[in-house]
Structure formats: C-alpha cells, structure tokens
Amino acid sequence: MYREFLNARSPMRLLEKGLHGGLGRGNLGLILAGHGVGKSSVLVGVALDELLRGESVLHIGIDTTVAHIRTFYDTLFDELATSSHLEDGAQVRADIERIRRIRSYTQEQFNAAKLREALKIESDTNGRPVMVIVDGYDLETAGAGEIADIRSLAGEADAEIWLGAASAEEQVDKVPASLAGIEDSLSVILA
C-alpha cells in the first residue's frame, strides 16, 4: 500500500470530519485522560498522520526521555506498516525521521517561553514545524496565562499545538475544575 492511500484511509480523517476540518494551524487542542489510558499513543498517532503527509512535527515530552518517545513512534509505525502492507516502509520511516524532531524537558523546565525558544531553534535550523505535540503537560500548575501564551504561540508559529495532560480520573465525564478559566484558549478538548 502506498503512503498516500494509507493517509487517506487514516482514522484521523474521521476526527477531522468530526472537528469540521481538524484542529487547524494557529489553534490549541487538549487531549485529557487518566494515567495510562493512551494519551501518548493518540498524540503519536496524530503526529504520524501529519508526518505521513510530509509535514514537520516537533514532539516535546515532559518528564520522559527522547528514547522513550522514539520507541512510541517506532512501535506505532511498525504496527501501521505491517497491518497496511506499506510498500517501502524503510524509506517512509527515513522520510519521517528527517522531518520529526523530539525534545525532552522536566516539568520544572517547561513553559511557554521554552516552547517559543524551541520553535525558534527548529525554525532556524530545520524549518518551521506545522504541528507541535506537548505530552505530559501539567494543567494544575499551568494557569490561564500560560495556556493563553501557548495559544498565542500557535498563532504566531502558524502551527497546530496539541497538549496531552493527565486527569485525576481515568474517565473524564465533564470539563474538570482545573480547566476553569482556560477553556476559552482551547479550540478542542478531547477527553
């Protein structure tokens, strides 16, 4: 199967349809779920879809290693390539690796200013990413100003930014109190 056909059949097309075209550049989305539910896998799937379209992605892991994040990508890509009988999987993997960047920060190190700095470095050295994944984001310590800054940065960078954050509950039935005052900065909340 060819990469273009695979991309056209991606489950992401259903998400885009449900979101009336997807998150879109300049917007901030949040994936919220309990610990161990699969936020990282979903975020890597979203990023892989963009990478298969030939678009660059910056993936930031908070309190995790670059090697751990790379393993997520390798595992999901291998499953996708095998199940879809992807032709020339090694070349597609190499193409993806050229346009994917991974960075890791501790919770204490990461904030909107660090994200702005990382985007500038990437833009200056490797080209501007059109999607940014921030996995392991702590909503409890972020605050409305920080979320608004990240939303503004999405617009400035003309990039889609997805945050992955853990909720106290495994299943999220309603918008948690921790999002009070910041939901206006979020274009999409997937729980």
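Just so you know, these numbers come straight off a predicted model, no measurement behind them. The analysis underlying the following values was restricted to heavy atoms, covering all of them including side chains, and did not include hydrogens, waters or symmetry mates.
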> Measuring from atom NE2 of H68 to atom OG of S40, what distance do you get when rounded to the nearest 0.5 angstrom?
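H68 NE2 to S40 OG: 6.0 Å, rounded to 0.5 Å.
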> I'd like to check L86 versus F77 (side-chain heavy atoms, cut-off strictly below 4.5 Å). Are they in contact?
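In contact.
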> Would you check, one step at a time, whether the test side-chain contact (heavy atoms from CB on, under 4.5 Å) holds for L58 with L119?
CA-CA 8 Å; L58 171 61; L119 280 168; 4.1 Å; yes
> Would you call L163 and I147 a side-chain contact if the rule is heavy atoms closer than 4.5 Å?
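When only atoms from C-beta onward are counted, I147 and L163 do touch, with a gap below 4.5 Å.
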> For the atom pair CG (D95) and CZ (R100), what is the distance rounded to the nearest 0.5 Å?
12.5 Å
> When clusters are formed by joining ILVMFWY residues with side-chain heavy atoms under 4.5 Å apart, either directly or through shared neighbours, do I121 and I133 land in the same one?
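Unlinked, I121 and I133 end up in two clusters.
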> How close do Q109 and K114 get, counting heavy atoms only, and between which atoms?
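Shortest heavy-atom contact: O-CG, 3.0 Å.
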> Check whether any side-chain heavy atom of V44 lies under 4.5 Å from a side-chain heavy atom of T75, and answer yes or no.
no
> Does the side chain of M131 reach to within under 4.5 Å of the side chain of V46, using non-hydrogen atoms?
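Yes. Closest side-chain heavy atoms under 4.5 Å.
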> Just by distance, do the side chain of S104 and the backbone of T64 share a donor-acceptor pair under 3.5 Å?
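Answer holds: yes.
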> Run the numbers on I96 and L52 for side-chain contact (heavy atoms from CB on, under 4.5 Å), then give the verdict.
CA-CA 7 Å; I96 284 172; L52 285 168; 3.9 Å; yes
> Looking at every non-hydrogen atom in both residues, tell me the closest pair between K39 and A165 and how far apart they are.
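Heavy atoms only, the tightest pair is CD-O, 3.0 Å.
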> Could you tell me which residues satisfy ring-ring contact (aromatic ring centres under 6.0 Å, His included) with Y137, sequence neighbours excluded, listed by chain and number?
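Scan of Y137 (ring-ring contact (aromatic ring centres under 6.0 Å, His included), adjacent residues dropped) gives none.
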> Nearest 0.5 angstrom please: Q107 CD to T141 OG1, how far?
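The distance works out to 5.0 Å.
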> Between the side chains of E117 and R103, is the shortest nitrogen-to-carboxylate-oxygen separation below 4.0 Å, so that they form an ion pair?
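Between E117 and R103 there is no salt bridge, as every charged N stays at least 4.0 Å from the carboxylate O atoms.
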> With Y73, which residues qualify under ring-ring contact (aromatic ring centres under 6.0 Å, His included), at least two apart?
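For Y73 the ring-ring contact (aromatic ring centres under 6.0 Å, His included) partners, ignoring immediate neighbours, are H59.
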> Is there any salt bridge (charged side-chain N to carboxylate O under 4.0 Å, His left out) pair reaching into residues 61-77, and which pairs are they, with sequence neighbours excluded?
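Every salt bridge (charged side-chain N to carboxylate O under 4.0 Å, His left out) pair that includes a residue of residues 61-77, provided the two are not neighbours, is D74-R93.
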> What's the shortest heavy-atom distance between P129 and A159, and which atoms?
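Scanning both residues completely, I find the closest heavy atoms to be O-CB, 3.7 Å.
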> May I ask you to test the N27-R151 pair for a side-chain heavy-atom distance under 4.5 Å?
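The answer is yes; the side chains approach within 4.5 Å.
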> Where do D149 and A112 come nearest, in terms of heavy atoms and distance?
CB-CB, 3.6 Å
> Taking atom OG of S56 and atom CD of E50, what is their separation to the nearest 0.5 Å?
8.5 Å
> Between L153 and I161, which heavy-atom pair has the shortest distance, and what is it?
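Where L153 meets I161 most closely, the heavy atoms are C-CD1, 4.5 Å.
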> Backbone N or O of D158 within a donor-acceptor pair of the R128 side chain at under 3.5 Å?
yes
> What's the spacing between L139 CG and L186 CG if we round to 0.5 Å?
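Rounded to the nearest 0.5 Å, the CG-CG separation comes out at 8.0 Å.
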> Could you tell me the separation between the CD1 atom of I60 and the CG atom of L43, rounded to the nearest 0.5 Å?
12.0 Å
> Are the side chains of D135 and I69 in contact, using a 4.5 Å heavy-atom criterion?
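Heavy-atom side-chain distance check fails, nothing below 4.5 Å.
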